Amino acid sequence: MVFDPKEYKVLSFDIYGTLIDWESGIYEALLPLVEKLPTASPHHPSKTTPDAQRKFLLTEYANLELETQKAQPTLAYPEVLATIYKRLAAQLGVDIKNEDAEQFGSTIGTWSAFPDTASAMQTLGKYYKLVVLSNVDNASFARTLSGPLKGVKFDGIYTAQDIGSYKPDLRNFEYLVKHAGDSFGAKKGEILKVAQSLMHDHRTVKKFGMKPSVWIKRAGDEALMGGKYEDAKDEVNLAASFDTLGDFAEFVKKAFGDA
């Protein structure tokens, strides 16, 4: 099947990982935790390389996030992060204060956007309704929207807080289809999912019977969160893949004859 971007009315975006560099944001916010480790610990910064440290912290974070969101689907995202911080600290044997965990949970709105995000979204907004489907609470997304995503306009914002569950739960995608239909007159087949995370988004797109999705690879199989393509390839149905959101925006622009 040839991918024709002109067939769609609505683009639905994952935010953290696709538009926002969540890996770097989370990693940097976790560094103060490992700096509290005794120097004898193999995870102390003096005993490991930055790449190995990043891989360890983000892998542990991703596993704990999935467990926490599945067990407590209505827990607000800052509280999810705080819970993960406490559990990771306990695993590492580090004593922390509640304020440390709360501070980690409040970092969401400070994570940087990828350099191509703003211009790519401005281009895509010329051709589609742009909709958020994100595992976040409303207040945290508002901080992201007024901070690193300032100037990016969305036509619909659907958060885990509003839905009452976290992706990859099917309920989130059912909510997307219903509300995009009600608000924009878009049929299920006219909604295109654009995301980095194979685990949170692309697997459920296929399971839910939506049209094939667009994978924004970012770091591709070097990414530490969102899953590896080799592990997910039989469970996803990709219409196309692009290294960056900017590459996708240029492809769309050409498809509409505006190159």
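Just so you know, these numbers come straight off a predicted model, no measurement behind them.
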#### Entry: From H200, Q196, H202, K167, residue fulfilling side chain to side chain donor-acceptor pair (under 3.5 Å) relative to D14
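Testing each of H200, Q196, H202, K167 against D14, the sole residue satisfying side chain to side chain donor-acceptor pair (under 3.5 Å) is K167.
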Side chains of [X] and [Y] in contact at under 4.5 Å (non-hydrogen atoms):
{"X": "R218", "Y": "T244", "answer": "yes"}
{"X": "V236", "Y": "S213", "answer": "no"}
{"X": "F242", "Y": "W215", "answer": "no"}
{"X": "Q91", "Y": "E60", "answer": "yes"}
{"X": "L176", "Y": "M210", "answer": "yes"}
{"X": "S24", "Y": "E28", "answer": "yes"}
{"X": "Y61", "Y": "L88", "answer": "no"}
{"X": "Q53", "Y": "T49", "answer": "no"}

If I take atom [atom1] from residue [X] and atom [atom2] from residue [Y], how far apart are they, to the nearest 0.5 angstrom?
{"X": "E250", "Y": "L124", "atom1": "CD", "atom2": "CG", "result": "9.5 Å"}
{"X": "I96", "Y": "E102", "atom1": "CD1", "atom2": "CD", "result": "10.0 Å"}
{"X": "M225", "Y": "L58", "atom1": "CE", "atom2": "CG", "result": "5.0 Å"}
{"X": "I26", "Y": "I20", "atom1": "CD1", "atom2": "CD1", "result": "11.5 Å"}
{"X": "Q161", "Y": "L75", "atom1": "CD", "atom2": "CG", "result": "11.0 Å"}
{"X": "T68", "Y": "L81", "atom1": "OG1", "atom2": "CG", "result": "9.5 Å"}

Will you find, in the side chains of [X] and [Y], an N or O donor that is under 3.5 Å from an N or O acceptor?
{"X": "E23", "Y": "Y27", "value": "no"}
{"X": "Y77", "Y": "T159", "value": "no"}
{"X": "D21", "Y": "S112", "value": "no"}
{"X": "S12", "Y": "K193", "value": "yes"}
{"X": "D201", "Y": "S197", "value": "no"}

### Query
Does the pair F141 and I108 meet the rule for a side-chain contact (heavy atoms from CB on, under 4.5 Å), with working shown?
CA-CA 8 Å; F141 185 70; I108 303 164; over 6 Å; no
### Query
In terms of heavy-atom contacts, does CG of D95 have more than 12 from other residues, nucleotides or ligands at under 6.0 Å?
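No, CG of D95 has 12 or fewer neighbouring heavy atoms, counting only those of other groups under 6.0 Å.
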### Query
For atom NZ of K207, is the number of surrounding heavy atoms from other residues, nucleotides or ligands below 6.0 Å larger than 12?
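For K207, atom NZ is not crowded (no more than 12 foreign heavy atoms under 6.0 Å).
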Taking all non-hydrogen atoms of both residues, which atom of [X] and which atom of [Y] are closest, and how far apart?
{"X": "N172", "Y": "A160", "answer": "ND2-CA, 4.4 Å"}
{"X": "L149", "Y": "A113", "answer": "CD2-CB, 4.2 Å"}
{"X": "A255", "Y": "P5", "answer": "CB-CG, 3.4 Å"}
{"X": "L130", "Y": "G125", "answer": "CD1-CA, 3.7 Å"}
{"X": "F3", "Y": "A240", "answer": "CD2-CB, 3.8 Å"}
{"X": "P212", "Y": "A239", "answer": "CB-N, 3.5 Å"}

Tell me whether [Y] is reachable from [X] by hopping between hydrophobic residues (I, L, V, M, F, W, Y) whose side-chain heavy atoms are closer than 4.5 Å.
{"X": "L19", "Y": "I191", "value": "no"}
{"X": "V136", "Y": "M121", "value": "yes"}
{"X": "F13", "Y": "V177", "value": "no"}
{"X": "L37", "Y": "L57", "value": "yes"}
{"X": "L245", "Y": "F251", "value": "yes"}

#### Entry: Stepwise side chain to side chain donor-acceptor pair (under 3.5 Å) check, T144 with Y16
CA-CA 10 Å; T144 298; Y16 303 96; 2.7 Å; yes
Main-chain N/O of [Y] paired to [X] side chain as donor or acceptor, under 3.5 Å:
{"X": "S106", "Y": "Q103", "answer": "yes"}
{"X": "D169", "Y": "Y166", "answer": "no"}
{"X": "E235", "Y": "A232", "answer": "no"}
{"X": "K47", "Y": "T39", "answer": "yes"}
{"X": "T107", "Y": "F104", "answer": "yes"}

Check [Y] with [X], please: is the shortest side-chain N to carboxylate O separation under 4.0 Å?
{"X": "K206", "Y": "D234", "value": "no"}
{"X": "K233", "Y": "E230", "value": "yes"}
{"X": "D182", "Y": "K178", "value": "yes"}

### Check against salt bridge (Lys or Arg N to Asp or Glu O under 4.0 Å), D100 and K36
CA-CA 12 Å; D100 297 329; K36 295 181 179 181; 3.1 Å; yes
### Task
Take F56 and H43 through the test side-chain contact (heavy atoms from CB on, under 4.5 Å) and record every step on the way to the result.
CA-CA 8 Å; F56 166 73; H43 300 299; 3.5 Å; yes
#### Entry: Criterion side chain to side chain donor-acceptor pair (under 3.5 Å) on S46 and H44, from CA distance to verdict
CA-CA 5 Å; S46 66; H44 188 274; 2.8 Å; yes
### Lys NZ or Arg CZ of K188 over F208 ring: under 6.0 Å, within 45°
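Yes, K188 lies over the aromatic ring of F208.
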### Message
Would you say the rings of Y128 and Y8 are close, in the sense that their centroids are separated by under 6.0 Å?
### Response
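Ring centres of Y128 and Y8 not closer than 6.0 Å.
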### Task
Report the C-alpha separation of Q69 and V80 in whole Å, then their side-chain angles, then the decisive distance to 0.1 Å, and conclude whether the side-chain contact (heavy atoms from CB on, under 4.5 Å) test is met.
CA-CA 7 Å; Q69 291 177 336; V80 169; 4.0 Å; yes
### Task
Show your working on side-chain contact (heavy atoms from CB on, under 4.5 Å) between L133 and I163 and close with a plain yes or no.
CA-CA 10 Å; L133 184 67; I163 300 166; 3.7 Å; yes
